[in-house]
Amino acid sequence: MESVTQDTVLICCASIEWLNSQNVAMKKIIYKNAKLILIRNDIREMFLQIEQDKMTTTKLKLKDINVFKKFMAEGKASIKFNAEKCSVYISNAPPGCLIFFLKTLFIKLTKDHAENKTISKDEMNKKLRSHLLSEKSNHFEEISPVTNAELDRAKKAVVSKSTVTTPSPPASKKRRLIDAKGNPKAAKQLYAPSPLSTKSSNGIKPDDTVAVMEVLNEEQNQIMQACLSGHNIFFTGSAGTGKSFLLRKIIAAFPPDGTTITASTGVAACLIGGLVEAVAREVRRNDKPFGGIQLIICGDFFQLPPVVKIDRGNIYEYKRQEPMKRFCFQSKSWQSCISRCFELRKVYRQKDPKFIEILNSIRIGRVTPEITEQLLATARQKIETNGILATQLCSHTKDADSINQNKLANLTSAEKVFEATDSDSYLTKTIDSQLPVPHKLVLKIGAQVMLLKNVNLSTGLVNGARGVIIKYTDGFPVVQFKNKQEYIAKPEKWVIKTPTGSVLQRKQVPLKLAWAFSIHKSQGLTLDCLEMSLSKVFEAGQAYVALSRAQSLDSVRIIDFEAKTVFADPQVLLFYRNFRRQIMEVPNYIPLGQKKQKNDLKRTLSGLKLTKSIMDKPLVTIN
Ligand SMILES: Nc1ncnc2c1ncn2[C@@H]1O[C@H](COP(=O)(O)OP(=O)(O)OP(=O)(O)O)[C@@H](O)[C@H]1O
């Protein structure tokens, strides 16, 4: 399917249904590969044009409409045209594109509504009359990009709840998250910039809103463009370089029906690399790798390796070899399947270059006496503020679970249980294994918790923010965060797609007990205030994962540390050494964030004639 990045065009499936006066469906047209375009006529009325193969075209006037966008994240929405008595049902749209398409629609209609208010009825009639009498044929053009002024006006319209001609559902029906002081949650979704561009594709100049922080950087944008042009991609990068952030944007840029999300570095990926790759070619009768299915693989192999069960009779056991193959880059088809590799270089989670240097060194298993000294010096620092205790990161899950249970039991306040609503109650365990949010959440006043959703980036209410339960309001827990912000935690929705393509959903209060986590469970998180004991870590990359959750050395307390427990998997070190070499030798391996230098590309690195720029990078060193 063609990928389009403008916010005024949407590629999706669309069906249009017309009703008669008794609200019975009279006619239905289905467009499997529809192109929806926002257009205007000569008198600036807005229309939705629906076409397929530039042949069949339907134009519907965007006036007196209702937009239903509850399932936008699944690539679905519908627009009801009240005057025409018809509805357009959109499905299989890339969710990111759908959000921006509807956002543009909303902003433009808000602007038109404001302008129409200032034009008298007489003026309007005059305009209409001259249009009808004009001999020119009816002329349509695509609407212009959203401007700053339009954006500002639309924001004000949201705040003042003006909804007369806006495409949003009625204000009373809108889900409004409020903070404990009764302030509405920022309407961030409507104003987040396009996930497909480094700056908003609308030409909206970044301002100081929440959205600006979420724009793809140049490195990330290069990867996005490579994905959109259909290449098989592998992208990597150290902790905090935005791999998960980018992956979410990539997922949002593809139509949901043809997109499956699976484990990236795990055993599943290994198996896929061998057996399923061949099956895919056979089934699809296509000799290209994976039968032509586009692969986008992302991960940092220096972080925790996949957990491999090696019991007798286990399906992973039968092909076990020494050394054990547990990374997807070890599979036979890796070289043939992946056509482009990228490495993200800009670290976002940490700002302090010294801390980043320490982390880079630990990542490859290298610990100097200075690093040990710096880490051990944190044992004495006080990191607790405003009643928020440090989260303890444990090397073993059972230690973390027992800390949380004991601490909760020690609180004297009454217990309150929050049960999730799952779309399929028989699949609760499957949902549990895929989501961070528990099915059953037991809280008490005084419980230390962590937020599991981005609620408001500008006020620091983000995934991973640490807080404490201070009271209940309307039955919902009120959390006070480290920065003293208060927030009423109402149920939020999580949607996951299983490998078979079915969609599962959970609604739950977005909190989790946070006195302690296992290091394995902390993967992927950014944490506020951390305490860890690193003398018992047992796995390659485990110390690196634990330490790299922190944003700075000031927010972490390392109780004990032994250099010998820090190590990297030799196979991973080898992979990255070759990866770096290939980056310099083969144009398909793209070093991001630096200009390609002709000489560098020509220069071969055999005989270890490494260029200075490579020598400076810790990844090429094997201890
Ligand atoms: N382009 C960007 N602009 C602003 N913030 C960004 C950008 N990219 C990523 N971030 C932020 O950086 C932080 C780390 O991102 P993310 O968790 O995606 O990193 P990661 O590479 O997946 O880390 P890890 O490997 O440790 O899981 C997040 O808070 C994310 O919002």
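Whatever order the structure lists ligands and atoms in, that order sets their numbers, starting from 1.
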Next on the checklist: Checking side-chain polar atoms at under 3.5 Å, does N221 have a donor or acceptor matched by the opposite partner on E218?
Outcome noted: no
Next on the checklist: Quick one about S339 and N232 (side-chain donor to acceptor, distance below 3.5 Å, no hydrogens or angles considered), yes or no?
Outcome noted: no
Checklist entry - So, R557 and E384, do they make that salt bridge, N to O below 4.0 Å? => result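 Between E384 and R557 there is a salt bridge, with a charged N closer than 4.0 Å to a carboxylate O.
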With heavy-atom distances below 4.5 Å as the criterion, would you say the side chains of [X] and [Y] are in contact?
X	Y	answer
Y576	F301	yes
F327	P305	yes
K453	N463	no

Next on the checklist: I'd like to know whether ligand 1 has G240 as a neighbour, heavy-atom separation below 4.0 Å.
Outcome noted: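 It does; at least one heavy atom falls under 4.0 Å.
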Next on the checklist: Measuring from non-hydrogen atoms of G524 to any atom of ligand 1, is the shortest distance under 4.0 Å?
Outcome noted: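 True for this residue.
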Next on the checklist: Tell me whether L525 has any N or O atom under 3.5 angstrom from an N or O of ligand 1.
Outcome noted: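 Such a contact does not occur with ligand 1.
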Show the atoms of ligand 1 that are less than 4.0 angstrom away from any heavy atom in [X].
X	value
N217	1 (N)
K243	18 (O), 19 (O), 20 (P), 21 (O), 22 (O), 23 (O), 24 (P), 25 (O)
T241	19 (O), 21 (O)
V215	1 (N), 2 (C), 3 (N)

From [atom], work out which of [options] has a heavy atom at the shortest distance.
atom	options	result
atom 26 (O) of ligand 1	R549, Q523, Q551, Q303	R549
atom 29 (O) of ligand 1	D300, T526, L359, V545	T526
atom 8 (N) of ligand 1	R349, Q220, K249, E218	Q220
atom 31 (O) of ligand 1	Y348, F245, F302	F245

Checklist entry - Looking at CD1 of I558 and CG of L530, how far apart are the two atoms once the value is rounded to the nearest 0.5 Å? => result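 If I round to the nearest 0.5 Å, the distance is 9.5 Å.
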Next on the checklist: Is it the case that the side chain of K243 and the backbone of G237 share a donor-acceptor pair, with hydrogens and angles ignored and the cut-off at 3.5 Å?
Outcome noted: yes
